There are 4 protein chains.
Amino acid sequence: MLATGSREGKGTDKKSARTRLRILDAAAKVLSTKGYAGMRLSDVAAEADLQAPAIYYYFSSRDDLVEEVMWVGLADMRAFLTTALADTPADATPMDRILVAVEAHLRHELEISDYATAAIRNSGLVPEQIEERHRAEEKKYGAIWRDLVKAAAEAGEIRDDLDPYLAQMLVMGTINWAAEWWKPQRATIDRVVANAQSYVRHALAPVDR
Amino acid sequence: MLATGSREGKGTDKKSARTRLRILDAAAKVLSTKGYAGMRLSDVAAEADLQAPAIYYYFSSRDDLVEEVMWVGLADMRAFLTTALADTPADATPMDRILVAVEAHLRHELEISDYATAAIRNSGLVPEQIEERHRAEEKKYGAIWRDLVKAAAEAGEIRDDLDPYLAQMLVMGTINWAAEWWKPQRATIDRVVANAQSYVRHALAPVDR
Amino acid sequence: MLATGSREGKGTDKKSARTRLRILDAAAKVLSTKGYAGMRLSDVAAEADLQAPAIYYYFSSRDDLVEEVMWVGLADMRAFLTTALADTPADATPMDRILVAVEAHLRHELEISDYATAAIRNSGLVPEQIEERHRAEEKKYGAIWRDLVKAAAEAGEIRDDLDPYLAQMLVMGTINWAAEWWKPQRATIDRVVANAQSYVRHALAPVDR
Amino acid sequence: MLATGSREGKGTDKKSARTRLRILDAAAKVLSTKGYAGMRLSDVAAEADLQAPAIYYYFSSRDDLVEEVMWVGLADMRAFLTTALADTPADATPMDRILVAVEAHLRHELEISDYATAAIRNSGLVPEQIEERHRAEEKKYGAIWRDLVKAAAEAGEIRDDLDPYLAQMLVMGTINWAAEWWKPQRATIDRVVANAQSYVRHALAPVDR
DNA sequence: AATGAATGAGGATTCATTCAT
DNA sequence: CATGAATGAATCCTCATTCAT
């Protein structure tokens, strides 16, 4: 659905690039639904409306395709988050920035969900080789959050009884898990975002007195 | 590690029952690591220290085994939670009970992790047939939480700006996600529990005034 | 490297004919190295410095290409041998003529080796259809040798204890096998020729008395 | 048809060992006919009268199977040759021993032909990995011949104008090539052996005077 | 109660071949 | 004349499952 710019040689051009993207989208969808081991190339091909061997014209192996989906999932997420934070007014407090991040993460996860869900859900299910490179990208994303939490802690916007690392992980759980339960019928994304922001703010903030 | 009683015929006996449990434990372990589609019977067999065909003496199919692991995962969790709540002093507030539930869930998830993680992680990855029966069991577990949240909301212990359903889901995310990141080296379970309880209490509670 | 005239329409012209030859040369090389079943059109294309589908402009199928290589291999060999024998002085003995043939065969095999090796090595490995037409060509080549041996036998230049047919086959082995072991580093072609001639002459000739 | 003793664990016992051997025999047959790249596991399976996947119960991969066939081909040949030479009377001359070797090689090649032909024909057609290990075994076999030729040369039983290395190669060609042309209809093995021995003796021996 | 042996149904991947450009 | 894109027919290999013992 959205892939950060163009990657690799073969076809930044027209038809070719679109086919490649169609395959990537299809893979993201299947991957987020069936998981790494459950993704069959024939499913991906059907979803992309072509024959399975055609995939090999664009990706050298199944794992190559998976890796790119997961990479795109995280990279797009990071790009989205980075942009959102860059757009934050200069006078925003560290906690404001955390809430901006919560919104960005949720909106991306629930709207572009295929890539993001694929990346999130298959985190521990892929073979070592993919895992490693994925882990590296994951670290970069986590680093942004760590900095956000750290800044808030130093500004006294996080309660003393919370360990910054654990706090960060609990927040990630709060928002990552949404991919598992959220369905459009249950609540609008706007409502989910509003609730999650309130939930997270109070979860972290010192008690007003 | 712990399976709530034995269902079905075959083995309430001694050796037989123990082998069956060994297989179940092995399956839980593999299932929580590799996911539904990635679990091979030969892996399970190796982990249980026997040959793959032997599994068929105790389970009629791969899916049957998976289903039982996931069922045990949830059933044990529910039993554990129910017991914990039953042991709560009569004068405990609804919020106190929620925090007891947070602790029970986390301890079970992180200590007995294999069954619980298997059940949690594979929630959306199993085939319809299993999914359906699992969903039914999941509902029962969710109902306990729904009642806890509802009671707290009616007692005015949950902020007005939170939708009870969404609040419940956010809490589940907070604690379910721990299975993905927690490792003994990073923090003791006691610390995780304490942090999560504080996090959840403040996430839900009305602002002190 | 050398193809006896151009058969078929397509390209007696310049560039076209050259490309066709480049493909044929490439196929000969790959065929002599990897064998019939191991020859991939993409290998041939790479060797000829073009894309695989381009081959179809010059040859109607993979087998067609193979067949032509093998045919050229034998046809060139026969042409070379025929020329060499025609150049033999009128007073040459039948044995002299055999030794001329040994030299011609060896030089051609080891110098133009690709086509010859391809033809020799894949003799029994190609599908029936090709095999049959190849066998016919092979017979013509074998006929020359049969006549050479026969003439020598009738002139009393071959020992009585040798069966002419078997003798011919043993000679063919002596010289055909060189394609398998000969490498420029080990010995010059001149030395191989000299040794082979001596070897064959004595192998066949009646004992001096 | 004949494999030197028992190799590896799985089954030196009854049925299992026999099935394994049936597969090996089948592979040798197909390999000698179609060549490395042309050998399909389904062909082997059909020849061995079982389903293709069953092969994986005995061999871990196609290449593994090929390698064992080729190894057996050479190893059996060497064992056969060694035995034949050991049985040679003490007063045999070096040339006598060469002729014994010629007979042993030919008989083995033409009678057990599948393994031997497979090993001989596919010498240059297999992938590097197999080639390397095969080459090692081939060296051992070649060493026996080198010693035979060397001994004959030192005893003055080989003409001075022949290079020992080239002479050895020419002999190998004489006898190896028989696998390509010999068919029971054309001549008995006894006749082939007799002709080849006479051919080789005179090819190498100094001229009587 | 458990295993060795074997099978059948897939699933990834390769490759000759086609076709529009 | 040649290529990029795509396809269909294999082919290797894996894995759940069966069955005789």
Side-chain angles (χ1 to χ4, degrees), chain A residues 10-11 13-16 18-20 37-45 48-65, chain B residues 10-11 13 15-16 19-20 37-45 48-65, chain C residues 10-11 13 15-16 19-20 37-45 48-65, chain D residues 10-11 13-16 18-20 37-45 48-65:
Chain A
K10 222 125 217 179
D13 315 27
K14 290 168 231 177
K15 210 169 308 184
S16 186
R18 250 180 295 135
T19 305
R20 189 185 145 87
M39 179 189 99
R40 282 167 305 177
L41 286 192
S42 55
D43 289 348
V44 175
D49 207 35
L50 38 69
Q51 301 301 314
I55 295 174
Y56 286 85
Y57 189 77
Y58 298 94
F59 301 89
S60 58
S61 74
R62 194 186 103 116
D63 277 5
D64 208 63
L65 173 57
Chain B
K10 229 112 213 182
D13 318 22
K15 204 178 305 186
S16 185
T19 306
R20 187 186 148 87
M39 179 191 100
R40 284 173 306 182
L41 284 193
S42 56
D43 289 348
V44 174
D49 210 34
L50 37 69
Q51 301 300 314
I55 295 174
Y56 286 85
Y57 187 79
Y58 300 94
F59 301 89
S60 59
S61 77
R62 180 186 185 272
D63 278 3
D64 208 62
L65 173 57
Chain C
K10 231 112 213 184
D13 318 22
K15 203 178 306 184
S16 186
T19 306
R20 187 186 147 85
M39 179 190 99
R40 284 171 307 181
L41 284 194
S42 57
D43 289 348
V44 174
D49 210 34
L50 37 70
Q51 300 299 317
I55 295 174
Y56 285 85
Y57 187 78
Y58 301 92
F59 301 88
S60 59
S61 76
R62 179 185 184 273
D63 278 3
D64 207 63
L65 173 57
Chain D
K10 223 127 216 177
D13 315 26
K14 291 169 228 177
K15 210 170 308 185
S16 188
R18 250 181 293 137
T19 304
R20 189 185 145 88
M39 178 190 101
R40 283 169 304 178
L41 287 190
S42 55
D43 290 348
V44 175
D49 206 35
L50 37 69
Q51 301 300 313
I55 295 174
Y56 286 86
Y57 189 77
Y58 298 93
F59 301 88
S60 58
S61 74
R62 194 187 103 115
D63 277 5
D64 209 63
L65 173 57

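Fair warning: this is a prediction, and the values are worked out from it, not measured in the lab.
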Side chain of B:Tyr56 - closest among E:dA2, F:dA16, F:dA9: F:dA16
Which residue lies more 5' along DNA chain E, comparing D:Asp49 with B:Leu50 via nearest heavy atoms: B:Leu50
Any A:Ser61 side-chain N or O less than 4.0 Å from OP1/OP2 of E:dA12: no
Residue-phosphate contact under 4.0 Å: D:Tyr57 side-chain N/O, E:dA6 OP1/OP2: no
side-chain N/O A:Tyr58 vs F:dA6 OP1/OP2, d < 4.0 Å: yes
A:Leu41 CG to F:dT7 P, straight-line distance once rounded to whole Å: 14 Å
Phosphate contact (E:dG8 OP1 or OP2) by D:Gln51 side-chain N/O below 4.0 Å: yes
Nucleotide F:dC13, atom C1' - distance to CG of D:Asp64 in whole Å: 14 Å
Pairing nucleotide - F:dT21, Watson-Crick or G-U, each distance under 3.5 Å: E:dA2
Protein-nucleotide distance (A:Lys15, atom NZ; E:dT21, atom C1'), rounded to Å: 9 Å
Between OG on residue A:Ser42 and CZ on residue A:Arg40, distance to nearest 0.5 Å: 5.0 Å
N or O in side chain of D:Ser16 less than 4.0 angstrom from E:dG4 OP1/OP2: no
Length of the CD1-P vector between D:Ile55 and E:dG4, whole Å: 21 Å
Pair assignment for E:dG8, Watson-Crick or G-U wobble, requiring both distances under 3.5 Å: F:dC15
Side chain to side chain, C:Arg20 and C:Tyr57, heavy atoms closer than 4.5 Å: no
Protein-nucleotide distance (C:Asp43, atom CG; E:dA16, atom C1'), rounded to Å: 13 Å
Comparing D:Arg62 and B:Met39 on DNA chain F - which has the more 5′ nearest nucleotide: D:Arg62
Pairwise distance OG1(D:Thr19) to CD1(D:Ile55) - rounded to 0.5 angstrom: 12.0 Å
Nearest-0.5 Å distance that lies between atom CG in A:Asp64 and atom OH in A:Tyr56: 10.0 Å
Nearest non-hydrogen partners of C:Asp43 and C:Gly38, listed with the distance: OD2-O, 4.3 Å
Nearest-nucleotide 5' precedence on DNA chain E, A:Arg40 against C:Asp63: A:Arg40
5'-most by nearest nucleotide on DNA chain F - C:Thr19 or B:Ser60: C:Thr19
